[in-house]
Student: 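Sharing a structure below in structure tokens format, with a few things to ask.
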Amino acid sequence: MAEESDLERTEPPSSRRLEKAREDGQVPQSRELMAFLIMAAAVGGFWSLGGWLTHQAGGILRRGLSFGRDAAFSSTALTDSFGALTWDGLLLGSPVFLLTMVAAVATPFVLHGGLFSFKALTPRFERLDPLKGMKRMFSLNSISELVKAILKTVLIGGVIYWVVTRQQGQLFALIVQPIDTALPAFGQMLIHASLALVAGLAAIAAVDVPYQLWRYYRGLRMTKEEVRQENKEMEGDPQLKARIRSQQREVARRRMMAQVPKADVVVTNPTHFAVALKYDRDRMSAPQVMAKGMNLVADKIRELAASHGIPVVEAPPLARALHRHAEIGDQIPAALYTAVAEVLAYVYQLGRHLASGGQLPPPELPATIVVPAGLDPGVSAAA
């Protein structure tokens, strides 16, 4: 089942999965990179401070080998001298020690930018399971760690063998040389051996870092079902989103319908489109669209207009143009001012006729309300 599950994980990890793994303290790590950087920092420190270190080490060695007459009769001379020499040695090595500490702290930033997570410090009792422990012992990761350990052992042993065999005569000749001559020569031999070791560690790190990155991202791969589930969680359930959009449209429709009784006229085509207009010359610079709709919505607008005594004017080209080029709450386009003015003039005359109780002659709607070319979608579609 584990192999089948691993085979099913064919999708690369998403940014959310990588972020969650980082929050859990799961980041790529390379011990070989850390070993290389620490060793390189130490060798660099010895290289740059070689002259000063050699001079100071010579002084410590001379003080340690000095033995005066007074020290022979003192019961505390040996311990005092040992303590002083130890402190001097620690101070002497502190610059190199600090460099190695900086390299150790900086190593995580090379791979993953640095991270501190309390979750990584949480005890994981499943690691005490002996069966899982056996599986980890014979896993690909354990085998790779064993191979790297063997390679490092061979590398260190090879460097030591090379130093001893190649510089054996010079190494033993240091025994009879003065301190001022022996220490610089030994330092040079140590630097050369360390450089060889750093080169070997660099080669191992160059192989280990890509492998650790590949292993990290491979371990976070996802199944297609996990990808779909994550997209659903991030983007929301499509059915829920559709239901929310439907409710939003219904609320907007009700709000729009509440504006129909405030309109001055409803322009229709007469069955497919309906647009409710209002014009207040004191507050508006141009007529405003209060509501608009097609088919069933248009029918509802006409019903509301009839029930509230709002004039309904059939002007198909104008209704289509208004529905296409004017949004709810906006003023009508300037190109339709003339056509709408004819409709409003008819509505105002109709209002005066009704107010006079029929004494004034009824108005006549122009037989043709002209809409500028290109604004009537019906004409454009027919063409």
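Positions are given from 1, in the same order as the sequence printed here.
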Student: Is there a side-chain contact between P13 and Y217 (heavy atoms, below 4.5 Å)?
Tutor: yes
Student: Quick check on the hydrophobic clustering: are L277 and I328 connected, directly or via other members, by side-chain heavy-atom contacts under 4.5 Å?
Tutor: no
Student: In the single-linkage hydrophobic clustering (I, L, V, M, F, W, Y; side-chain heavy atoms under 4.5 Å), do V154 and L201 co-cluster?
Tutor: no
Student: Between P317 and R320, is there a side-chain heavy-atom distance shorter than 4.5 Å?
Tutor: yes
Student: When you compare the side chain of E250 with that of R253, does any pair of heavy atoms fall below 4.5 Å?
Tutor: yes
Student: Do L318 and V371 touch side chain to side chain, with heavy atoms closer than 4.5 Å?
Tutor: yes
Student: Does V275 reach the side chain of V266, with side-chain heavy atoms less than 4.5 Å apart?
Tutor: no
Student: For the hydrophobic clusters of this structure (ILVMFWY residues joined by side-chain heavy atoms under 4.5 Å, transitively), does one cluster hold both M284 and V343?
Tutor: yes
Student: Could you work out, with side chain to side chain contact (heavy atoms under 4.5 Å, CB included) as the rule, every residue matching R31, not counting sequence neighbours?
Tutor: E145
Student: Just to verify, what does E342 make a salt bridge (charged side-chain N to carboxylate O under 4.0 Å, His left out) with, not counting sequence neighbours?
Tutor: none
Student: Without placing hydrogens or testing angles, list every side-chain donor-acceptor pair under 3.5 Å for residues 290-313, not counting sequence neighbours.
Tutor:
residue: K292; atom: NZ; partner: H323; partner atom: O; Å: 2.9
residue: K292; atom: NZ; partner: A326; partner atom: O; Å: 2.8
residue: D299; atom: OD1; partner: R302; partner atom: NH2; Å: 2.1
residue: R302; atom: NH1; partner: P270; partner atom: O; Å: 2.9
residue: R302; atom: NH2; partner: T271; partner atom: O; Å: 3.4
residue: S307; atom: OG; partner: E303; partner atom: O; Å: 3.2
residue: S307; atom: OG; partner: L304; partner atom: O; Å: 2.9
residue: H308; atom: ND1; partner: L304; partner atom: O; Å: 3.0

Student: Taking NE2 in H272 as the centre, count heavy atoms belonging to other residues, nucleotides or ligands within less than 6.0 Å. Is the count above 12?
Tutor: no
Student: Starting from I38, walk the hydrophobic network (Ile, Leu, Val, Met, Phe, Trp, Tyr; side-chain heavy atoms closer than 4.5 Å) and list everyone else you reach, by chain and number.
Tutor: M34
Student: Do I369 and V347 share a hydrophobic cluster, counting only Ile, Leu, Val, Met, Phe, Trp and Tyr and linking them when any side-chain heavy atoms are less than 4.5 Å apart?
Tutor: yes
Student: Is there a continuous path of hydrophobic side-chain contacts, each under 4.5 Å between heavy atoms, that joins Y279 to Y337?
Tutor: yes
Student: Determine, step by step, whether L322 and V340 satisfy the side-chain contact (heavy atoms from CB on, under 4.5 Å) criterion, reporting the C-alpha distance in whole Å, the side-chain angles of both residues, the deciding distance to 0.1 Å, and the verdict.
Tutor: CA-CA 9 Å; L322 288 170; V340 173; 4.3 Å; yes
Student: Other than V251, which residues form its hydrophobic cluster under the rule that side-chain heavy atoms must be closer than 4.5 Å?
Tutor: none
Student: Under a 4.5 Å cut-off applied to non-hydrogen side-chain atoms, are L33 and D208 in contact?
Tutor: no
Student: Any salt bridge between R16 and E19, counting N to O under 4.0 Å?
Tutor: no
Student: Got a sec, which residues hit side chain to side chain contact (heavy atoms under 4.5 Å, CB included) with A258, two or more places apart in sequence or on another chain?
Tutor: none
Student: Only counting residues at least two apart or in another chain, list the ones meeting salt bridge (charged side-chain N to carboxylate O under 4.0 Å, His left out) with K262.
Tutor: none
Student: If every non-hydrogen atom of G329 is compared with every non-hydrogen atom of Q288, which pair is closest and at what distance?
Tutor: O-NE2, 2.9 Å
Student: Only counting residues at least two apart or in another chain, list the ones meeting salt bridge (charged side-chain N to carboxylate O under 4.0 Å, His left out) with R281.
Tutor: none
Student: Do R17 and E226 have side-chain heavy atoms sitting under 4.5 Å apart?
Tutor: yes
Student: Checking E11 now: which residues fulfil side-chain hydrogen bond (donor to acceptor under 3.5 Å, both in side chains) with it, not counting sequence neighbours?
Tutor: K224
Student: For S194, check side chain to side chain contact (heavy atoms under 4.5 Å, CB included) against everything at least two apart and list the hits.
Tutor: M39, V43, L190
Student: What heavy-atom pair brings A263 and A276 nearest, and what distance separates the two atoms?
Tutor: CB-CB, 3.8 Å
Student: Nearest 0.5 Å please: distance from the OG1 atom of T107 over to the CZ atom of F36.
Tutor: 10.0 Å
Student: Minimum heavy-atom separation for L336 to I332, with atom names?
Tutor: O-CD1, 3.9 Å
Student: Quick one: side-chain hydrogen bond (donor to acceptor under 3.5 Å, both in side chains) partners of T338, sequence neighbours excluded?
Tutor: none
Student: Using salt bridge (charged side-chain N to carboxylate O under 4.0 Å, His left out) as the criterion, list what pairs up with R215, not counting sequence neighbours.
Tutor: none
Student: Quick check: closest heavy atoms across P333 and H325, and the distance to 0.1 Å?
Tutor: CG-O, 3.5 Å
Student: Say you draw a straight line from CG of L18 to OH of Y216; how long is it, rounded to the nearest 0.5 Å?
Tutor: 5.5 Å
